[in-house]
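Reading through the structure tokens given below for one structure.
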Amino acid sequence: MPHYQIVKGARDIFPDEMIQWKRVEAVIGGLASIYGFSEIRTPVFEYTELFQRSIGASTDIVGKEMFSFQPEPGGRSITLRPEMTAGVMRAALQKNLLASSPVQKLYYISELFRKERPQAGRQRQFSQFGAELLGAASPAAVAEVIIFMMHVFESLGLSGLRLRINTLGNKTDRQRYREALRAYLAPYYRQLDDASKERFEKNPLRILDSKNPDMQDIVAGAPKLHDYLGGEALDDFEKVLAYLSDRGIDFQIDHLLVRGLDYYSYTAFEVTSSALGAQDALGGGGRYDSLALELGNASEIPAAGFAVGMERLLIAMQKQGLFSQQEAPGPAVAVIVPQQEYFDRAFGIVNLLRRSGISTVIDLAGRSMKAQLREANRMHASWALFVGGEELATGQYPLKNLVASTQETHTLDGVVDVLRQSASVNPHCG
RNA sequence: GUGAUUGUAGCUCAGUUGGUUAGAGCGCCAGGUUGUGGCCCUGGAGGUCGGGGGUUCGAGUCCCCUCAUUCACCCCA
């Protein structure tokens, strides 16, 4: 057992898995540019008030899951970001991005931190990719964000997904409903669980998506948010759904879907994967027009976005065998040194090959020739080049094709030519 | 924060009612092949049995504490 262990809830990503991450990131980046989203990075920490104000003081995230600390005694508290939307909005407002162009489309792949007990598909440090579309209120803007997200899943080959969607209406709709819901729940107050009692005052809508069966029984007879929505919200929702249908995206309307962050309004959605365990939410998002106002802007800024858990995405893909043929590409050639006294000159040849653009490795541990070849094999090198006293004296170098097990002799220039030509047909690259 | 689970070699795991120097497979290293990998054969290295305390003539095995892991609840990605 090593003395030092990784921090609870964190994870190392070793080269084998890194290949998978790179592939997923490449798909995300490629589709982002097709949909017109530009990448943004923001700091891993922000002043704590930003999250309290945006996510909502009554949420679980702010209440018990943030890593917060004071760098200076008596100074302002800062927090490792538990989500990205607040930071992106802060950055946009601070730079006054919307002044240069009224619609901003941003995406990110970033690390987040939440102080929870780790379990399958949940870590204390994790990453999300997501997009934020700022400055547009149209149903098409919301649809675009959802279509982008679903397109990423599709391109990665994911199946068994379920998209649930709901509309939370506008502020006045929700205010009327909140009161109606409270009126309905009041007689049941004693039967509510502790969490629901707390939410009764602060945010009774959250009781709707409680997983506690007892709560679900009570909620079953509650008034429906849908019945309190104004024509504006209903029209908006219908249009969003129409865009999704046109694109051929399957969804399921779920009037109980509320989501745990306070800043959502109008459309909210969530995607789950049957390939995941208990933590099956792959991603979610919605519209958050009031966030800018909440953060001190003079007016609301219409906005929509989503976030997808990268680790969960990778887990789902691994479960569905979408990485099966992934293999690390090996070097083109391994330089083999039969006698160590010629290492320095062999090393010179290695550098020459590399300057010619050929990926080259050489044993740096002074191991036996057999070990050097075994290592070359393990790394899936395509070729082995032997550099010993005899070769250096004659200028003729045996070059062995490790895949076909054939061998011929060339001058150094000849070696470079062969390796350059074979690079495009390297069976281990591609 | 709550509940359960599991900690023996780098990895996956054996280890019988407590009983000599704690094992296997894979991996690693070396040799068989005086300068040619994969397959095969032989050998080798590698373990404070998670840590601490206790019971006992004797503890990997039983008891207590502790640390860590994993899964689940709450909630979320």
Side-chain angles (χ1 to χ4, degrees), chain A residues 1-9 11 14 55 58-66 81-85 109-130 149 193-196 198-199 206 209-213 215 257-261 270-273 276-285 306-316 330 334-342 363 365 367-391 397-407:
Chain A
M1 270 307 206
H3 272 108
Y4 289 99
Q5 281 185 294
I6 192 166
V7 171
K8 183 204 292 283
R11 237 169 65 78
F14 291 98
I55 301 171
S58 69
T59 60
D60 287 347
I61 293 176
V62 171
K64 59 180 190 188
E65 295 172 5
M66 297 204 300
R81 60 187 177 200
E83 57 107 45
M84 279 297 287
T85 302
I109 302 175
S110 299
E111 308 291 310
L112 271 30
F113 305 84
R114 255 123 97 158
K115 196 166 57 189
E116 300 185 271
R117 282 284 279 273
Q119 82 187 66
R122 173 195 285 160
Q123 304 162 203
R124 290 184 158 193
Q125 178 180 340
F126 61 103
S127 47
Q128 291 182 341
F129 98 82
M149 178 181 76
D193 58 26
D194 291 346
S196 296
E198 184 132 359
R199 287 169 188 155
R206 296 277 320 283
D209 61 5
S210 170
K211 284 177 191 163
N212 183 337
M215 297 305 102
L257 177 72
V258 173
R259 297 188 55 75
L261 290 77
E270 188 168 302
V271 180
T272 54
S273 163
L276 297 174
Q279 308 305 319
D280 63 351
L282 200 54
F306 69 83
V308 170
M310 291 290 284
E311 286 80 5
R312 290 184 187 178
L313 191 57
L314 275 279
I315 291 169
V335 169
I336 307 297
V337 188
Q339 305 101 359
Q340 284 301 310
E341 62 258 42
Y342 299 109
D363 174 53
R367 289 136 91 190
S368 68
M369 191 169 80
K370 176 173 182 159
Q372 292 178 46
L373 278 158
R374 188 168 47 226
E375 185 67 27
N377 201 51
R378 191 159 37 226
M379 298 171 84
H380 300 302
S382 303
W383 301 86
L385 179 70
F386 296 85
V387 180
E390 203 179 306
E391 292 78 9
Y397 298 85
L399 182 63
K400 180 168 189 174
N401 183 322
L402 291 175
V403 179
S405 233
T406 55
Q407 183 168 319

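Chain letters run A, B, ... following the sequence lines, proteins first, then strands; residues in each count from 1.
Mapping A/K8 and A/L402 onto RNA chain B via the closest heavy atom, the residue that lands nearer the 5' end is A/L402. Between A/R378 and A/S127, the residue whose closest nucleotide on RNA chain B is further toward the 5' end is A/R378.
Between A/Q279 and B/C73 there is a side-chain polar atom (N or O) within less than 4.0 angstrom of OP1 or OP2. Between A/R199 and B/C75 there is a side-chain polar atom (N or O) within less than 4.0 angstrom of OP1 or OP2. Note on A/R374: a side-chain N or O is less than 4.0 Å away from OP1 or OP2 of B/C29. For A/K370, no side-chain nitrogen or oxygen approaches OP1 or OP2 of B/G35 to under 4.0 Å.
Between A/Q372 atom CD and B/G35 atom C1' the separation is 10 Å, expressed in whole Å.
Nucleic acid contact class of A/Q339 (heavy atoms, under 4.0 Å, all strands): base.
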Below 3.5 Å, can you tabulate the donor-acceptor pairs from side chains in residues 397-404 of chain A to any protein atom, sequence neighbours excluded?
| from | atom 1 | to | atom 2 | distance (Å) |
| --- | --- | --- | --- | --- |
| A/N401 | OD1 | A/V403 | N | 2.9 |
| A/N401 | OD1 | A/A404 | N | 2.9 |

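Comparing the C1' positions of B/G27 and B/U12 gives an interatomic distance of 11 Å, to the nearest angstrom.
A side chain to side chain contact (heavy atoms under 4.5 Å, CB included) with A/Q125 is found for one member of A/E111, A/E311, A/R11 and no other, namely A/E111.
A centroid separation of 6.0 Å or more is found between the aromatic rings of A/F386 and A/Y342.
Between the side chain of A/R367 and the base of B/C29, no donor-acceptor pair of N or O atoms lies under 3.5 Å.
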